[in-house]
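Here is the structure we will look at, set down as structure tokens.
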Amino acid sequence: MKEKLIKQYVDKISPNDIDSFARKHGTTLNNDEKNIIYNYIKRDWHTIIYGNPTGIFNEIKSKVSTSTYKKIEELFKEYKNKFRNYL
């Protein structure tokens, strides 16, 4: 049930949602970064949430700026910890 709800949310997400979330958390993404993050979330959300996302994060790290990657790591850890009881 949880996975179905998450999938429905991810299916509706847009690149503008990614941009808005980043801005809300003090980060500005260029168009390439926004699209890279969007594509990884759309394609790999299940592994990111439930699996071992190390390979995915390593790929992202080589495609975005250092500051963007650090923010991704920070937010991932924060939200994974915050919602761990629900996943």
Side-chain angles (χ1 to χ4, degrees):
M1 176 69 167
K2 297 177 279 189
E3 290 182 42
K4 185 176 180 179
L5 291 172
I6 294 169
K7 182 181 182 329
Q8 288 174 348
Y9 179 79
V10 170
D11 286 345
K12 293 179 185 178
I13 217 167
S14 73
N16 287 334
D17 295 325
I18 303 298
D19 191 49
S20 295
F21 183 83
R23 288 180 191 272
K24 178 180 170 188
H25 289 88
T27 299
T28 302
L29 303 173
N30 65 41
N31 280 335
D32 287 340
E33 291 176 325
K34 177 175 57 174
N35 289 323
I36 288 165
I37 295 165
Y38 169 80
N39 288 328
Y40 275 99
I41 289 172
K42 292 292 265 190
R43 185 183 64 227
D44 298 315
W45 69 269
H46 195 273
T47 302
I48 292 168
I49 294 173
Y50 296 109
N52 181 354
T54 303
I56 295 165
F57 277 66
N58 287 337
E59 287 179 30
I60 293 170
K61 185 176 188 176
S62 68
K63 296 177 181 181
V64 299
S65 71
T66 302
S67 61
T68 295
Y69 181 75
K70 285 181 182 180
K71 187 55 111 171
I72 290 169
E73 271 191 315
E74 173 190 320
L75 290 171
F76 175 76
K77 289 175 186 175
E78 177 184 335
Y79 280 88
K80 183 81 170 185
N81 186 47
K82 183 176 182 178
F83 293 106
R84 72 175 178 259
N85 293 330
Y86 302 103
L87 302 172

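- Relative ring orientation between Tyr86 and Phe83 is described as tilted, the plane-to-plane angle lying within the 30° to 60° band.
- For Lys71, the salt bridge (charged side-chain N to carboxylate O under 4.0 Å, His left out) criterion is met by Glu74, not counting sequence neighbours.
- Lys34 places no side-chain N or O within 3.5 Å of a backbone atom of Asn16 that could act as its donor or acceptor partner.
- Expressed to the nearest 0.5 Å, how far NZ of Lys77 lies from CD1 of Ile72 amounts to 12.5 Å.
- Applying the salt bridge (charged side-chain N to carboxylate O under 4.0 Å, His left out) test to Glu78 and every residue at least two apart in sequence or in another chain returns nothing.
- Partners of Arg23 by salt bridge (charged side-chain N to carboxylate O under 4.0 Å, His left out), not counting sequence neighbours, listed by chain and number: Asp19.
- In this structure, Phe76 has its ring center no closer than 6.0 Å to that of Tyr69.
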Taking only distance into account, with no hydrogens and no angle test, what donor-acceptor pairs under 3.5 Å do side-chain atoms of residues 59-68 form with protein atoms, sequence neighbours excluded?
unit_1: Glu59; atom_1: OE1; unit_2: Tyr40; atom_2: OH; d: 2.6
unit_1: Ser62; atom_1: OG; unit_2: Glu59; atom_2: O; d: 2.8
unit_1: Lys63; atom_1: NZ; unit_2: Tyr40; atom_2: OH; d: 2.9
unit_1: Ser65; atom_1: OG; unit_2: Glu33; atom_2: OE2; d: 3.1
unit_1: Ser65; atom_1: OG; unit_2: Ser67; atom_2: OG; d: 3.3
unit_1: Ser65; atom_1: OG; unit_2: Thr68; atom_2: N; d: 3.2
unit_1: Ser65; atom_1: OG; unit_2: Thr68; atom_2: OG1; d: 2.9
unit_1: Thr68; atom_1: OG1; unit_2: Glu33; atom_2: OE1; d: 3.3
unit_1: Thr68; atom_1: OG1; unit_2: Glu33; atom_2: OE2; d: 3.1

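- Scored by the side-chain hydrogen bond (donor to acceptor under 3.5 Å, both in side chains) test, Asp17 finds Ser14 as partners (sequence neighbours excluded).
- Not a single side-chain hydrogen bond (donor to acceptor under 3.5 Å, both in side chains) links Asn85 to another residue, sequence neighbours left out.
- Taking a 6.0 Å sphere around NZ of Lys80, one finds it holds more than 12 heavy atoms contributed by other residues, nucleotides or ligands.
- Applying the side-chain hydrogen bond (donor to acceptor under 3.5 Å, both in side chains) rule to Asn58 yields no partners; only residues at least two apart in sequence or on another chain are considered.
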List, one per line, each side-chain donor-acceptor pair under 3.5 Å for residues 44-53, sequence neighbours excluded.
unit_1: His46; atom_1: NE2; unit_2: Glu3; atom_2: OE1; d: 2.8
unit_1: Asn52; atom_1: OD1; unit_2: Thr54; atom_2: N; d: 3.1
unit_1: Asn52; atom_1: OD1; unit_2: Thr54; atom_2: OG1; d: 2.6

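- Residues meeting the side-chain hydrogen bond (donor to acceptor under 3.5 Å, both in side chains) test with Tyr9, sequence neighbours left out: none.
- Annotation: side-chain contact (heavy atoms from CB on, under 4.5 Å) contacts of Asp11 (sequence neighbours excluded): Lys7.
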Step by step, work out the side-chain contact (heavy atoms from CB on, under 4.5 Å) result for Leu75 and Phe21. CA-CA 10 Å; Leu75 290 171; Phe21 183 83; 3.8 Å; yes
